[in-house]
Amino acid sequence: MNNKQLVSLMDQMTLDEKIGQLMQLATPFYKGSANQGQITGPMVGMGINDDVVRNSGSVLGASGANEVISIQQAHISENRLGIPLLVMSDIVHGYKTIFPVPLAIGCSWDLELAEKSAEIAAKEAAVSGVHVTFAPMVDLVRDPRWGRVMESTGEDSYLNSQFAKAQVRGFQGSDLTNDYDRVASCVKHFAAYGAPEGGRDYNTVNMSERELRDSYLPAYKAALDAGSEMVMTAFNTVDGIPATGNKQLMRDLLRDEWNFDGVIISDWGAVKELIPHGVAENEKEAALKALTAGVDIEMMTACYVKNLKELVDNGDIEEELLNESVLRILQLKQKLGLFDNPYRGANEQLEKDIVMSEAHRQVSRELASKSAVLLKNDDVLPLQKEQKVALIGPFADNNDILGPWSWLGSKDEAITMNEGLKMKVNASNFTVSKGCDIETSDDRQLTEALQVAKDADVVVLALGEDSEMSGEAGSLTDIRLPQVQLDLIRKVKELDKPMVSVLFNGRPLDLHGVMEHSNAVLEAWYPGTEGGAAIADLIFGDANPSGKLTMSFPYSVGQVPVYYNNFNTGRPKGAPDAQERYVSQYLDSPNEPLFPFGYGLSYTTFTYNNARLSAAEMTADRPITMKVSVKNTGNTAGEETVQLYIRDLVGEVVRPLKELKGFVKIHLQPEEEKEVTFTISEEELRYHHANLEFSSDPGKFIAYIGSNSRDVQAIPFELLK
Ligand code: NOJ
């Protein structure tokens, strides 16, 4: 169908049918539909009838070729004009083959592998009948109390933008109309959902438009530049206006300024939430505000279907406005090929063949190994295969390692630490004991664990948060490991054995009680289906850790938010003329995080030699280059992520101490040396000024190059007019 035909299809639709296209319902509504007008099942709660289901435009959370085909078949036969449903699902870090959580994927700094993981997720989802995934989530995050930080790639807008593009490319491929093995992407949550006050989920977001544009918006924009077909609104307010009723965000910015012509969907229930937010008196006003502000599809509340007709009849909403939304939805269906084949990629045979294939699992294993971050290593890792190993802790044989948003993943298919380590060591050299549960313990568990530890050469502690402790609605004020696990560490430490802590969790933690007792600490995050195998590869040196943090680990929760690209302040601590007391500092804590952005160790060492700029001055027409030679000075092969940061010394508004402007991941054999080159052009020096103009200021800058945001070499340069 071409656009003209879509318009003529729309012309045949009644107002109710058009409004139905703007409604998204979850899968249970389509099971037991067609009761001919009777309100039953989940429809009762929402106060809608079968007509609404019959006219609806999209379904949320359907999966599996069989299920999707039967829902679609029934729908087409019941819908008067036979308009197929769009099938949307949260395929966030894998469909059934689960990859590490996105925060971990960020720590790989490996864009190619991130793209590959999204491609695999898309392929598994597409053959299982899914058309659109609610991903990538690109919210910038600076507060580890917020449980959803695990869904983002971290605290930096440049890095998040690169990953946003990689994921959109992976999900969508280059031709959605003909490639039935890819899915459309829906970037979320627009906007600034990652900055809730106090890290409490769904809470207020307050920031200047300048900050919004400089730090928070770039990753959404990057996803759209890469072609993301949809945008999901956020639950939070932005400057006092809920994002789901925010005309400035949707009509002015997304539509008019960025020319986005894809579909905007609300988050789950967010249209109706305009009432408790206090900007709508009732569902009718919520519908009026959301549609006027730009929401095309209402997810899982019924304000539109119950009220839009009256609003149009009364003239409160122009039918033309509603038609625009309907057309956008039909266009997406057309782009996905649904008018030609409403089942699209759904194919039970292919589903059997490719979902959770060995090849997919191998990519998951590789990504898990590249996502883990070695935080400390006092010469205990890698372990030798002949060492006697005691594996202890609530994650020793725990398959809760897929992380939140892995609803289709099977824990039973996940490789636990126990299973992973067993593949490497001789059974006679290996014992396992739980020691405690995640949040509780009993004496028997502890006694057994200590006995097991006593007989070993080295203890590997597998610790962490269960997956319910992060993710949506998983905010915490105390981000240390649960007390029983800290007690376990202390007790095992008393045996004075070399001790390695491996952490499974979804947020940067306060590591008091872990760092001081452990000889090595490996942050494994939620590593996905192949987690235990990947961690075993790292622990025994069959793989070399290369992950680097993309979110700072605070020294303690009292510092939060703590992030690398902060401002100097007027009274910076450590300045040559600083007073002792009246500087910007804590009396009881350092200012710096425990581990900064970009940090992560390897089993080998790298030296940075001969860092240099091609010239000390540049202009808008004459960019400069930064070169550095990086050498592997240890005796095992390894990967290093070389990072370029820039500081603008004097701006019209205050500029961050450092901003990531480039990174390159290189693989080096022992003694091998490679030269890395970055181009610094005037574009990289632009920022939003007080009047929101995006431009650069001539003057002095510093380029920093190094292996993390703290350990860098500095070289000054100047941008001339
Ligand atoms: C709520 C979450 O905030 C969002 O990320 C998700 O896509 C929707 N529910 C749909 O499941």
Side-chain angles (χ1 to χ4, degrees), residues 107-110 112-113 362 365-389 391 417 420-421 423-426 429-430 456-461 497-503 515 518-524 527 530 532-549 595-596 598-611 627-643 663-677 705-713:
C107 293
S108 74
W109 297 65
D110 193 326
E112 250 174 66
L113 212 48
Q362 281 316 312
R365 180 167 177 170
E366 189 184 350
L367 192 46
S369 138
K370 294 198 174 186
S371 306
V373 184
L374 183 62
L375 297 175
K376 174 177 181 179
N377 187 16
D378 291 344
D379 285 336
V380 260
L381 287 177
L383 303 182
Q384 306 306 310
K385 289 184 181 140
E386 45 297 335
Q387 276 176 299
K388 234 180 144 196
V389 177
L391 174 63
M417 277 278 281
L421 263 60
M423 295 184 223
K424 305 274 181 193
V425 291
N426 201 314
N429 273 347
F430 182 56
D457 299 327
V458 58
V459 178
V460 176
L461 287 177
K497 303 270 177 181
M499 201 165 88
V500 178
S501 293
V502 180
L503 306 172
M515 292 313 298
S518 310
N519 303 93
V521 178
L522 181 67
E523 175 54 76
E530 289 284 325
I535 304 306
D537 288 340
L538 291 168
I539 286 186
F540 286 102
D542 294 333
N544 189 350
S546 62
K548 290 181 184 244
L549 300 178
F595 295 113
Y599 179 86
L601 302 172
S602 162
Y603 294 152
T604 188
T605 46
F606 301 99
T607 54
Y608 283 61
N609 304 313
N610 198 16
K627 284 187 194 292
V628 68
S629 290
V630 182
K631 184 170 183 186
N632 182 345
T633 45
N635 41 31
T636 96
E639 284 193 313
E640 168 71 337
T641 299
V642 184
Q643 301 161 36
F663 59 90
V664 178
K665 193 161 183 172
I666 49 173
H667 189 277
L668 292 172
Q669 295 298 329
E671 293 301 309
E672 195 187 356
E673 184 161 7
K674 274 187 189 157
E675 188 169 76
V676 174
T677 305
I705 197 139
S707 68
N708 62 62
S709 63
R710 188 186 59 199
D711 302 311
V712 287
Q713 300 176 44

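- Residues Leu538 and Pro382 approach most closely at O-CB, 4.4 Å, considering heavy atoms.
- Residues Asn708 and Asp711 bring a donor and an acceptor atom of their side chains to less than 3.5 Å of each other.
- Checking side-chain atoms of Thr633 against main-chain N and O of Thr605 turns up a donor-acceptor pair under 3.5 Å.
- Put simply, the side chain of Asn544 gets close to the backbone of Tyr603: a donor and an acceptor are under 3.5 Å apart.
- Between Val630 and the choices Val642, Thr607, Val664, Ile705, the side-chain contact (heavy atoms from CB on, under 4.5 Å) rule is met once, by Val642.
- More than 12 heavy atoms of other residues, nucleotides or ligands sit less than 6.0 Å from atom CG of Asn610.
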Apply salt bridge (Lys or Arg N to Asp or Glu O under 4.0 Å) to Lys631 and Glu640, showing your working.
-> CA-CA 10 Å; Lys631 184 170 183 186; Glu640 168 71 337; over 6 Å; no

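- Looking only at atom types and distance, the side chain of Lys665 has no donor-acceptor partner in the side chain of Thr641 under 3.5 Å away.
- Between the side chain of Lys424 and the backbone N or O of Ala536 there is no donor-acceptor pair closer than 3.5 Å.
- For Gln387, there are no side-chain hydrogen bond (donor to acceptor under 3.5 Å, both in side chains) partners, not counting sequence neighbours.
- Counting non-hydrogen atoms of other residues, nucleotides and ligands closer than 6.0 Å to CD of Gln362 gives a total above 12.
- Inspection of the Ser629 and Asn609 side chains reveals no N or O donor paired with an N or O acceptor under 3.5 Å.
- Taking the side-chain hydrogen bond (donor to acceptor under 3.5 Å, both in side chains) definition, one finds that Thr604 meets it with Asn632, sequence neighbours left out.
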